[in-house]
Visitor: 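Mind having a look at this structure? Questions to follow.
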Protein chains: 4
Amino acid sequence: MQTSKPRRARRKTREEKARETYLRILEAAAQVVGEDGYADSSISKITQLAGIAQGTFYNYFETRQQVFDALLPYMGEQMVEYIRTAVPADVQGAARETARLRAFFTYLNAHPVFYRILYEAEVFAPAAHAKHFQILVDGYRGALERAVARGEIEGYDAEELEAIIYILLSARAYLAMRYVRRADDGRSTVPEHVITAYEKLMTRGLYGKPDHA
Amino acid sequence: MQTSKPRRARRKTREEKARETYLRILEAAAQVVGEDGYADSSISKITQLAGIAQGTFYNYFETRQQVFDALLPYMGEQMVEYIRTAVPADVQGAARETARLRAFFTYLNAHPVFYRILYEAEVFAPAAHAKHFQILVDGYRGALERAVARGEIEGYDAEELEAIIYILLSARAYLAMRYVRRADDGRSTVPEHVITAYEKLMTRGLYGKPDHA
Amino acid sequence: MQTSKPRRARRKTREEKARETYLRILEAAAQVVGEDGYADSSISKITQLAGIAQGTFYNYFETRQQVFDALLPYMGEQMVEYIRTAVPADVQGAARETARLRAFFTYLNAHPVFYRILYEAEVFAPAAHAKHFQILVDGYRGALERAVARGEIEGYDAEELEAIIYILLSARAYLAMRYVRRADDGRSTVPEHVITAYEKLMTRGLYGKPDHA
Amino acid sequence: MQTSKPRRARRKTREEKARETYLRILEAAAQVVGEDGYADSSISKITQLAGIAQGTFYNYFETRQQVFDALLPYMGEQMVEYIRTAVPADVQGAARETARLRAFFTYLNAHPVFYRILYEAEVFAPAAHAKHFQILVDGYRGALERAVARGEIEGYDAEELEAIIYILLSARAYLAMRYVRRADDGRSTVPEHVITAYEKLMTRGLYGKPDHA
DNA sequence: GATGAATGAGTCTTCATTCAT
DNA sequence: AATGAATGAAGACTCATTCAT
């Protein structure tokens, strides 16, 4: 963003400042929604936390709903990115699944605010939620198809795999709901048996043998 | 409102009438929340639908939140009961799981109102949601423990089973979110491959072999 | 509204009180609009003057616009009635016209609030204004038709008479705009020559002879 | 924007550009007010239409009210000028009146924007409205005095003539309100009987004989 | 116990105006 | 002189809750 002319023209551009304000609003909104939930996130609270006037908000978003809709995409991307980098490329199969699960929990712990933003979005920002979900599903689909190609997964057709993806995502969410608790040290407190249970389900299924056997 | 049969002992007890009003409120609330969501369920809408005055509401509930909290227990019981009776006693193993899943979808289809009441409860009636969840978990625990006793399930300890329960419940919820659509004929429109995917996961797991193999 | 039973049941009915509140709001609105104009008539001002809470307003009107729309009908009726009774039945012809004009001015003087309510209505309560206008036009039409029947008016067909009515009403309005000034003693300060000018126009027209003569 | 003709002396004067911007604002304001009315004419709308920044506005006008006040004088002058040139110099007497009326209607049709600017001005730009009115009255006074001098008008003293002027102007306004409708071809759609009614009133008055006869 | 009018705190949103760049 | 971001006062409206009848 540096213009090449003035060797040390330091003052921020108007545009830069605007971008900054935009982000300040977004961050403030994330904070407030994360703590109080969408329903109790008034413009007043958000702008106050952002350190701007109420009116300023409306220079950046047309309605309150609009920030709500922007919130999940903004944070969701971070999360997806985090998981991607946190899971080593060479981990494969079910181990990859559990690694992803662990990474998800870790992210949640590190960003306690994200939980409500994500889970209340289904109610308060359904469009954003649907889109976020679609991104996750699409990402997963690719991963599972590669696993199929590698022969790690057998006996599921494409449609069934989609259903499976929904189950995997749901598991994530509910396990988080149940087990992730904010720890002051920021370390995941999800007990190890949750991970092993998940991994076992992935590898051997729940019921030893098909019941028609 | 007088029934013609019993010559006397006619008038309803004060208590009976009170009970009736209480239920009318509850039903109205269920209807309204089911259609508009908790956030848009004003006392005014509820009392109007119940055919009572706004003030009357406060003779039965202390706050709006209180009806919200009463809603899920009230309807959840019905659902649990429905599933119990819908699944034949002699179906066992993974087949039992899928039967339960089917029953759940069927119930949702038959009671479209229940969906929002249940899923928004996590946000708007967290206490009720937690309690409802606990009931489901407890019910499941018994069932799974019996399966373990019968030798249908092996290799999961008690803690792991709890995690599995969470996964099963989550799967239900998300699959419903994705696939249950209100059909006019009231029949479940959840595609069959969803059921089979679920069942396969239950029986063989997702990944063919433990990846450390 | 007196019930016949209780000889001296004095307390006001709920309904009576509601009616009273409704009228208090209407009167307050009339006062405020008359003084500050529609644009500056906030709900806050109105309710404050009416001595009620802001919320109470919305028990009687759904929107601010709704009071605005109710205002002119409410006051317009009074005005029409006043003019009717103020003009003796036996005054006929142009004299009747001038008597009506005088009565109008007198009413305006006595109800200074009415002026803005009426004239800003075209902008702020167009529906009400149109209706009010129609009532005036209809009233006038009857009167003029009777004058035609009596032979006092000749040479105007029905359509022309309607145009004339518009002119008469407009004259009223503009002359009021120009000449009616609030006098502390409440007496019309419209100078006599205004009346005579009007009367002359009614009787001999402005230009001595048709210009094609 | 460079015109090709004059080889040099090219750049617009600073003053010229300023004048240009000033007029652009005025035109934009006229457009906006004409379409949305004064009340809904925000600075934002006006500057947007004018193609300038909001802040720029305040280099040319101190307040919003100030443009509003400038609007009617700006456009009123055009109208007066139009009527003056549209009415042939040799038309006299009542025929001149009707010619002026026709011209007014034509102007209104050709400048649909003018209608609201003019009629809402009484409410939103009273000062401007009063001044505009005064100009019209003064113009009329001269005309009528000349008619008196020519003997076309008799029996009205100066004060009465002023009242008459108000009536004439009011008639214009209300007849326009009632009858002028925007026609796509831009031709006045005011029905002919309106003109004849007006002319009859001017020449013979409404009531055949003075009622004291 | 039922009623429904009254309350008033709280919300989102608009917009004229200011001012640093 | 132009810009456009920032401001904050003001306004309409909603709704859970109270309380006199």
Side-chain angles (χ1 to χ4, degrees), chain A residues 11-15 17-22 39-47 50-66, chain B residues 14-15 17-18 21-22 39-48 51-67, chain C residues 11-15 17-22 39-47 51-67, chain D residues 14-15 17-18 21-22 39-48 51-67:
Chain A
R11 234 135 0 153
K12 280 171 202 131
T13 318
R14 257 194 203 179
E15 209 175 327
K17 278 189 64 177
R19 177 81 191 150
E20 220 167 64
T21 305
Y22 177 82
D40 286 336
S41 295
S42 64
I43 300 294
S44 156
K45 276 184 189 170
I46 294 172
T47 52
I52 59 171
Q54 281 210 51
T56 303
F57 175 90
Y58 289 91
N59 289 338
Y60 295 87
F61 297 92
E62 279 172 23
T63 64
R64 182 176 73 140
Q65 187 58 45
Q66 211 169 80
Chain B
R14 196 167 293 220
E15 214 174 321
K17 279 189 62 177
T21 305
Y22 177 83
D40 285 337
S41 294
S42 63
I43 299 296
S44 156
K45 278 183 189 171
I46 294 171
T47 52
Q48 212 163 313
I52 60 170
Q54 278 206 70
T56 306
F57 175 91
Y58 287 90
N59 291 334
Y60 294 87
F61 297 91
E62 278 173 24
T63 66
R64 182 175 76 140
Q65 189 56 48
Q66 213 168 78
V67 224
Chain C
R11 244 165 314 189
K12 281 171 202 132
T13 318
R14 256 193 205 181
E15 209 176 327
K17 277 189 67 176
R19 177 81 191 150
E20 220 167 65
T21 306
Y22 177 81
D40 285 336
S41 294
S42 64
I43 300 295
S44 156
K45 277 184 190 171
I46 294 172
T47 52
I52 59 172
Q54 282 209 51
T56 303
F57 175 89
Y58 289 91
N59 289 339
Y60 293 88
F61 297 92
E62 279 172 22
T63 64
R64 183 176 74 140
Q65 189 56 47
Q66 212 169 79
V67 225
Chain D
R14 195 167 294 220
E15 214 176 319
K17 280 189 61 177
T21 306
Y22 177 83
D40 286 336
S41 295
S42 64
I43 299 295
S44 156
K45 277 184 190 169
I46 294 171
T47 52
Q48 211 163 313
I52 59 170
Q54 277 206 68
T56 305
F57 175 90
Y58 288 89
N59 290 334
Y60 294 87
F61 297 91
E62 279 172 22
T63 66
R64 181 174 75 141
Q65 189 56 47
Q66 213 168 80
V67 226

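Side chains are part of it too, since the values below use all heavy atoms of this structure and drop only hydrogens, waters and symmetry mates. So you know, we letter chains A, B, ... as the sequences are listed, proteins then strands, and number each from 1.
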Visitor: In whole Å, I'd like the distance from the CD atom of C/Glu15 to the C1' atom of E/dT3.
Guide: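 Taking CD of C/Glu15 and C1' of E/dT3, I get 14 Å after rounding.
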
Visitor: Spell out protein contact along nucleotides 11-18 of chain E as letters: B when the base is contacted, S when just the sugar-phosphate is, - when no protein heavy atom is under 4.0 Å; keep the 5' to 3' order.
Guide: -SBB-SBB

Visitor: Under 4.0 Å, heavy atoms only, any strand: does B/Phe61 hit a base, just the sugar-phosphate, or nothing?
Guide: nothing

Visitor: Identify all side-chain donor-acceptor contacts of residues 40-47 of chain D below 3.5 Å with residues at least two apart in sequence or on another chain.
Guide:
from, atom 1, to, atom 2, distance (Å)
D/Ser41, OG, D/Gly37, O, 2.7
D/Ser42, OG, D/Lys45, N, 3.1
D/Lys45, NZ, D/Asp36, OD2, 2.9
D/Lys45, NZ, D/Asp40, O, 2.8
D/Thr47, OG1, D/Ile43, O, 2.9
D/Thr47, OG1, D/Ser44, O, 3.1

Visitor: CD1 of B/Ile46 versus C1' of F/dA16: gap in Å, rounded?
Guide: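 Answer to the nearest Å: 11 Å.
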
Visitor: For A/Arg19 and F/dA5, give me the distance from atom CZ to atom P, rounded to whole Å.
Guide: 14 Å

Visitor: Find the distance C/Ile52:CD1 to E/dA5:P and express it as a whole number of Å.
Guide: 13 Å

Visitor: Which part of the nucleic acid, if any, lies within contact of B/Tyr60, taking any heavy atom under 4.0 Å across all strands shown: a base, the sugar-phosphate backbone alone, or nothing?
Guide: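 B/Tyr60: backbone/sugar contact only, no base atoms under 4.0 Å.
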
Visitor: Once pairs are restricted to Watson-Crick or G-U wobble with both distances under 3.5 Å, how does DNA chain F read as a dot-bracket string, [ ] for crossings and | for other-strand pairs?
Guide: .||||||||||||||||||||

Visitor: Run the side-chain hydrogen bond (donor to acceptor under 3.5 Å, both in side chains) test against D/Gln65 and tell me which residues pass, sequence neighbours left out.
Guide: D/Asp69

Visitor: Taking only residues two or more places apart in sequence or in another chain, which ones pass side-chain contact (heavy atoms from CB on, under 4.5 Å) with D/Phe61?
Guide: D/Tyr22, D/Ile25, D/Leu26, D/Phe57, D/Gln66, D/Val67, D/Ala70

Visitor: Just compare F/dT3, E/dG4, F/dA6 and give me whichever is closest to any side-chain atom of D/Ala53.
Guide: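 My answer, after comparing the listed nucleotides, is F/dT3.
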
